[in-house]
There are 2 protein chains.
Amino acid sequence: MSDLTIGDVARESGIKINTIRFYEDRGLLPAPPRSAGNRRLYDPAAVARLRFIRHARELGFGLPAIADLLRLAGHPEAPCAAADAIARTQLAEVEARIRSLSALRAELQRMADCGAHSAADCRVLESLGDHSLCAGPHES
Amino acid sequence: MSDLTIGDVARESGIKINTIRFYEDRGLLPAPPRSAGNRRLYDPAAVARLRFIRHARELGFGLPAIADLLRLAGHPEAPCAAADAIARTQLAEVEARIRSLSALRAELQRMADCGAHSAADCRVLESLGDHSLCAGPHES
DNA sequence: GCTTGCTCCTCGAGTGACTGGAGATGTTAC
DNA sequence: GTAACATCTCCAGTCACTCGAGGAGCAAGC
């Protein structure tokens with residue numbers, strides 16, 4: 001009987017009220033029952049579900065992938081291969097992002113370093129104008 | 001007198017036609033003169049400007065930052081400190097993104113690794129549900 | 001001169017994942 | 001009773017595009 005308001009749930013899950021309603025709209029969170037005054041009344045389990053969503057979002061999962069994971073979580077028997085595949089896909093994407101950002105970092109470091117000298121030596125704008133200056137491997 | 005069509009410019013800059021028009025709308029590219037039939041007629045300099053924009057986008061700069069850089073590029077006298085500051089800000093953001101993604105990678109690797117055993121051992125969903133399992137440094 | 005096929009035009013909607021605000025209503029404390 | 005706050009629905013805006021509809025310009029072939 002410990003019903004929670006959307007504000008309580010927002011505080012405990014760390015997700016904003018508007019975002020919780022958005023997740024409900026997107027089907028990530030089931031629509032809860034309402035009070036006589038039309039307020040949403042949440043079960044404590046909703047907090048766990050929202051924490052799950054939040055953590056998955058922090059890991060970079062998109063909402064459709066999270067919906068998949070939540071569906072899998074509802075069937076504890078043998079969902080593991082599917083969940084694992086989702087995680088591996090995500091891992092590959094994260095690794096690709098890291099590789100790409102590392103190349104960008106190298107280039108930005110070069111840009112920032114050369115700016116320390118004099119205005120005449122500044123190559124920030126030249127760097128951006130001439131991609132051939134890049135040593136990075138992120139060219140198509 | 002070597003006027004270029006938007007299609008020429010798109011090919012040479014590697015930016016899609018729609019995106020070029022979008023950049024024009026956002027003020028990153030000045031509106032070019034038009035032909036008798038209302039087609040945009042570009043100066044070859046537009047290609048260089050678009051390459052600059054494309055490269056800056058690849059480096060993760062947002063459009064407002066790129067607009068700043070383009071404005072600075074128009075004043076070659078002493079704009080360097082400002083351009084340098086923009087580059088340094090960008091570098092800090094890229095480094096933060098790399099740090100955060102590295103933590104995510106570690107967690108996803110742990111998730112993907114444990115999935116290799118049996119369904120009963122799978123911790124992908126538990127990992128997402130319980131943030132305390134994270135070894136990563138990315139908790140508030 | 002007419003058709004075919006390509007390019008280009010504007011405008012508007014859609015993406016993802018929210019965020020914020022307006023205006024109305026419910027709830028609580030004093 | 002009333003003031004303050006929480007919540008409701010709905011809608012617009014963000015960023016950086018992307019796509020499509022419906023129409024018009026343009027070059028080449030017949």
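Sequence lines set the chain letters: A, B, ... in the order given, protein chains first and strands last, and positions in each chain run from 1.
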Tell me, please, which residues at least two apart from A:Arg21 pass side-chain hydrogen bond (donor to acceptor under 3.5 Å, both in side chains).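 Once residues adjacent in sequence are excluded, the partners of A:Arg21 under the side-chain hydrogen bond (donor to acceptor under 3.5 Å, both in side chains) criterion are A:Asn18.
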
According to side-chain hydrogen bond (donor to acceptor under 3.5 Å, both in side chains), who are the partners of B:Asp8, at least two apart in sequence or on a separate chain? B:Thr5, B:Arg11

For C:dT27, does OP1 or OP2 lie under 4.0 Å from any side-chain N or O of A:Thr5?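 No, outside the criterion.
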
At less than 4.0 Å, is any side-chain N or O atom of B:Lys16 found next to OP1 or OP2 of D:dA16? Yes or no.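 So the side-chain polar atoms of B:Lys16 never come under 4.0 Å of the phosphate oxygens OP1 or OP2 of D:dA16.
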
Compare every heavy atom of [Y] with every heavy atom of [X], then report the nearest pair and how far apart it is.
X       : Y       : answer
B:Arg49 : B:Pro30 : NE-CD, 3.7 Å
A:Leu28 : A:Leu70 : O-CD1, 3.6 Å
A:Ile17 : A:Ala10 : CG1-CB, 3.8 Å

Using modelled atom types and a 3.5 Å cut-off, is there a donor and acceptor pairing between side-chain atoms of B:Arg51 and backbone atoms of B:Glu12? yes

Donor-acceptor pair, side chain of A:Arg54 and main chain of A:Ser13, under 3.5 angstrom: yes

Nearest whole angstrom, please: distance from the [atom2] of [N] to the [atom1] of [X].
X       : N      : atom1 : atom2 : value
A:Leu41 : C:dT27 : CG    : C1'   : 13 Å
B:Ile20 : C:dT7  : CD1   : C1'   : 13 Å
A:Glu24 : D:dT9  : CD    : P     : 8 Å
B:Arg11 : C:dC6  : CZ    : P     : 14 Å

Distances for protein N or O near nucleotides 27-29 of chain D N or O, under 3.5 Å:
none

Distances under 3.5 Å only, N/O to N/O: pair up the protein atoms with those of nucleotides 15-18 of chain C.
from   : atom 1 : to      : atom 2 : distance (Å)
C:dA17 : OP2    : A:Leu63 : N      : 3.3
C:dA17 : O3'    : A:Arg57 : NH2    : 3.3
C:dC18 : OP2    : A:Tyr23 : OH     : 2.7
C:dC18 : OP2    : A:Arg57 : NE     : 2.7

Going through the checks in order, is the side chain to side chain contact (heavy atoms under 4.5 Å, CB included) test met by B:Leu63 and B:Phe22? CA-CA 11 Å; B:Leu63 297 194; B:Phe22 171 75; 3.7 Å; yes

Please tabulate, for side-chain N and O atoms in residues 37-45 of chain B, each donor-acceptor pair with protein atoms closer than 3.5 Å (sequence neighbours left out).
from    : atom 1 : to      : atom 2 : distance (Å)
B:Asn38 : OD1    : B:Arg34 : NH1    : 3.3
B:Arg40 : NE     : B:Glu24 : OE1    : 2.8
B:Asp43 : OD2    : B:Ala45 : N      : 3.2

Which atoms of nucleotides 9-13 of chain C (N or O only) lie under 3.5 Å from a protein N or O atom, and what are those distances?
from   : atom 1 : to      : atom 2 : distance (Å)
C:dC9  : OP1    : B:Arg40 : N      : 2.9
C:dC9  : OP1    : B:Arg40 : NH1    : 3.0
C:dC9  : OP2    : B:Arg21 : NH1    : 2.4
C:dC9  : OP2    : B:Arg40 : NH1    : 3.4
C:dC9  : O3'    : B:Arg34 : NH1    : 3.4
C:dT10 : OP1    : B:Arg34 : NH1    : 3.2
C:dT10 : OP1    : B:Arg34 : NH2    : 2.9
C:dT10 : OP2    : B:Arg40 : NH1    : 2.9
C:dT10 : OP2    : B:Arg40 : NH2    : 2.9

